[in-house]
A.B. asks: 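First, the structure itself, so that you have it in front of you.
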Amino acid sequence: MLDLIVAEWPRDPFFNLAFEEAVYRVGPRGGASGVLRLWRNERAVVVGRLQCAPLEVDALQCAALGVKVVRRFTGGGAVYHDLGNLNYALTIDRRRHGVEDARSAFELVGRAVAEALSGLGVEGASYRPLNDVEAGGLKISGMAASISAGRVFVHGAMLVSSDIEVLWRVLKISPEKLSDKSFVPSRPRRVTTVERELGRRVNPLEVGRAVAESLAEALGAELSEPRGPDELELGAARELYERRYSRLEWNLWCLEKVRGLLSPEEVEALRLVASPEAVGRGERDLR
Amino acid sequence: MGSAICGEKKRPGGKLVKACVELDERGEPTRLLISGDFFVEPEEGYELLEEIVAGPAKSLSALGLERASELLERELRSRGVALIGVEPLDVLEAIARALESSRGGRS
């Protein structure tokens with residue numbers, strides 16, 4: 001069985017990312033062959049474990065647009081989240097599914113996600129190594145992974161109806177990053193959304209359902225009814241939130257080393273957007 | 001101590017390394033920052049990476065790019081750490097680019 005969790009705290013991306021790691025650490029239980037979480041954030045940039053947020057985001061734009069900045073525990077690149085972006089996170093037993101390394105984990109999930117998109121009517125959906133899913137040559141979903149001795153974790157962000165203009169305003173893209181692209185069209189055309197591909201309004205949950213079913217099929221598992229977070233996962237998430245995700249030392253780990261490259265206004269903006277201080281209280285009470 | 005200077009290297013078809021360095025009075029790199037959108041296995045490797053890269057980075061000007069990256073490859077292997085999406089050579093090349101622009105900037 002593939003255990004499906006639908007649990008999100010969209011106004012608190014710091015807790016959302018803490019819960020993300022918690023689901024992986026707790027892992028599949030009760031005979032389930034895997035756990036899949038579907039969730040969303042309000043406006044946020046989520047940077048990779050090894051990315052230095054001050055080098056990746058325009059902090060002044062983030063502050064002006066109400067975009068939070070959080071660092072995740074997996075590697076890979078920065079992604080932009082809003083309520084039009086669907087996040088999927090799969091944890092599976094490594095031995096049970098014979099996944100040897102990150103490449104094969106990306107391939108397993110990337111192919112299943114591409115098939116889900118094809119099933120919804122998206123043309124030219126395909127997995128593109130190492131960690132992207134494309135539609136007609138444009139990126140529609142990016143993935144990241146972590147592998148331990150017993151467990152494989154792959155999560156991804158899927159642009160369903162996200163505001164691409166905000167994405168380009170808050171992410172810094174260096175010319176070097178584009179150096180191996182033979183054809184570089186105007187920036188907003190390097191990515192696409194499910195809505196743009198289908199030419200109609202699309203609910204992220206509709207895409208989530210399709211991704212869940214496709215992943216279950218790829219794993220040869222039956223998909224469970226969706227459930228909420230349980231106490232074990234929430235306890236682990238609270239601990240990770242306190243120790244990592246609510247802290248500037250985690251989200252801005254590299255700040256001291258690049259401080260000289262930043263204006264005082266940028267440093268101030270980074271401290272604001274990378275900390276949960278200004279997160280609405282109401283949402284946090286739901287925990 | 002001046003501010004950091006950064007260099008980048010994108011592996012064609014792969015991932016990007018950003019290296020930021022400060023130089024000491026002898027022109028050797030100090031306060032190294034290795035960042036990027038690549039992956040490290042196992043997870044503990046993320047925390048070890050700068051320590052592993054520090055040695056090869058310091059001997060970069062003496063050894064040259066190729067030999068320094070062979071050294072880095074050996075260090076990674078002996079610590080059981082693998083880079084995914086970039087090669088050791090890319091990491092050293094990003095550092096070399098940072099060093100080049102910092103030296104260019106000082107003269």
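Chain letters run A, B, ... following the sequence lines, proteins first, then strands; residues in each count from 1.
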A.B. asks: Does atom CZ (A:Arg259) have a neighbourhood of more than 12 heavy atoms from anything else shown, all under 6.0 Å?
C.D. replies: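 Yes.
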A.B. asks: Between B:Arg11, B:Glu8, B:Lys15, which residue shows the highest count of heavy-atom pairs closer than 4.5 Å to chain A?
C.D. replies: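 Counting heavy-atom pairs under 4.5 Å, the top option is B:Glu8.
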A.B. asks: On a heavy-atom basis, which atom in A:Trp253 and which in B:Ile34 lie closest, and how many Å separate them?
C.D. replies: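 For A:Trp253 and B:Ile34, the tightest heavy-atom pair comes out as CH2-O, 3.8 Å.
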A.B. asks: Going from CD on A:Gln51 to CZ on B:Phe38, what distance comes out if it is rounded to the nearest 0.5 angstrom?
C.D. replies: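 So the gap between those two atoms works out to 10.0 Å.
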A.B. asks: At a 4.5 Å cut-off on heavy atoms, which part of B:Leu32 comes close to chain A: side chain, backbone, both, or neither?
C.D. replies: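 The backbone, not the side chain.
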A.B. asks: Measuring heavy-atom distances to chain B, does A:Ala145 have an atom under 4.5 Å in its side chain, in its backbone, in both, or in neither?
C.D. replies: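 Answer is backbone: N, CA, C or O of A:Ala145 sit under 4.5 Å from chain B.
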A.B. asks: Looking at A:Gly77, A:Gly76, A:Ser146, which has the largest count of heavy-atom pairs under 4.5 Å with chain B?
C.D. replies: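 That would be A:Gly76.
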A.B. asks: How long is the span from the CG atom in A:Leu50 to the CG atom in B:Leu83, to the nearest 0.5 Å?
C.D. replies: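 Here the interatomic distance stands at 9.5 Å.
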A.B. asks: What part of B:Leu16 gets within 4.5 angstrom of chain A, counting heavy atoms only: side chain, backbone, both, or neither?
C.D. replies: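 Side chain only.
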A.B. asks: Got more than 12 heavy atoms from elsewhere within 6.0 Å of CD, B:Glu47?
C.D. replies: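 Counting neighbours around CD of B:Glu47, more than 12 heavy atoms of other residues, nucleotides or ligands fall under 6.0 Å, so yes.
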A.B. asks: Is A:Phe106 close to chain B through its backbone or its side chain, or both, or neither, when contacts mean heavy atoms under 4.5 Å?
C.D. replies: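 Side chain only.
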A.B. asks: Under 4.5 Å heavy-atom distance to chain A, tell me which part of B:Lys9 shows up: side chain, backbone, both or neither.
C.D. replies: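 Interface part for B:Lys9: both.
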A.B. asks: Please examine the side chains of B:Cys6 and A:Leu261, heavy atoms only from C-beta on, and report whether any two atoms are closer than 4.5 Å.
C.D. replies: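 SC-SC contact between A:Leu261 and B:Cys6 confirmed.
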A.B. asks: State, to 0.1 Å, how close A:Met143 and B:Phe39 come at their nearest heavy-atom pair, and which atoms those are.
C.D. replies: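 So the minimum-distance heavy-atom pair works out to O-CZ, 3.9 Å.
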A.B. asks: Taking A:Val47, A:Thr74, A:Asn131 one by one, which has the highest count of heavy-atom pairs under 4.5 Å against chain B?
C.D. replies: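 Highest number of pairs under 4.5 Å: A:Asn131.
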A.B. asks: Return yes if some donor-acceptor pair links the side-chain N/O of B:Glu41 with the main-chain N/O of A:Ala102 below 3.5 Å, else return no.
C.D. replies: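 Answer holds: yes.
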A.B. asks: Which pair of non-hydrogen atoms, one from B:Ser35 and one from A:Leu55, has the smallest distance, and what is that distance?
C.D. replies: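 Minimum heavy-atom contact is OG-CD1, 4.0 Å.
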A.B. asks: State whether the number of non-hydrogen atoms from other residues, nucleotides or ligands found under 6.0 Å of A:Arg243 atom CZ is greater than 12.
C.D. replies: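 Enclosed: over 12 neighbouring heavy atoms sit under 6.0 Å from CZ of A:Arg243.
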A.B. asks: Would you mind telling me which of A:Gly260, A:Ala78, A:Ser148, A:Gly75 has the largest number of heavy-atom pairs within less than 4.5 Å of chain B?
C.D. replies: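 Ranked by heavy-atom pairs under 4.5 Å with chain B, first place is A:Gly75.
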A.B. asks: Do NZ/NE/NH1/NH2 and the carboxylate oxygens of B:Glu43 and A:Arg25 come within less than 4.0 Å?
C.D. replies: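 Yes, B:Glu43 and A:Arg25 are salt-bridged.
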A.B. asks: So that I can tick it off, tell me whether B:Arg31 and A:Glu256 are bridged by a salt bridge, with the cut-off set at under 4.0 angstrom between side-chain N and carboxylate O.
C.D. replies: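 Between B:Arg31 and A:Glu256 there is no salt bridge, as every charged N stays at least 4.0 Å from the carboxylate O atoms.
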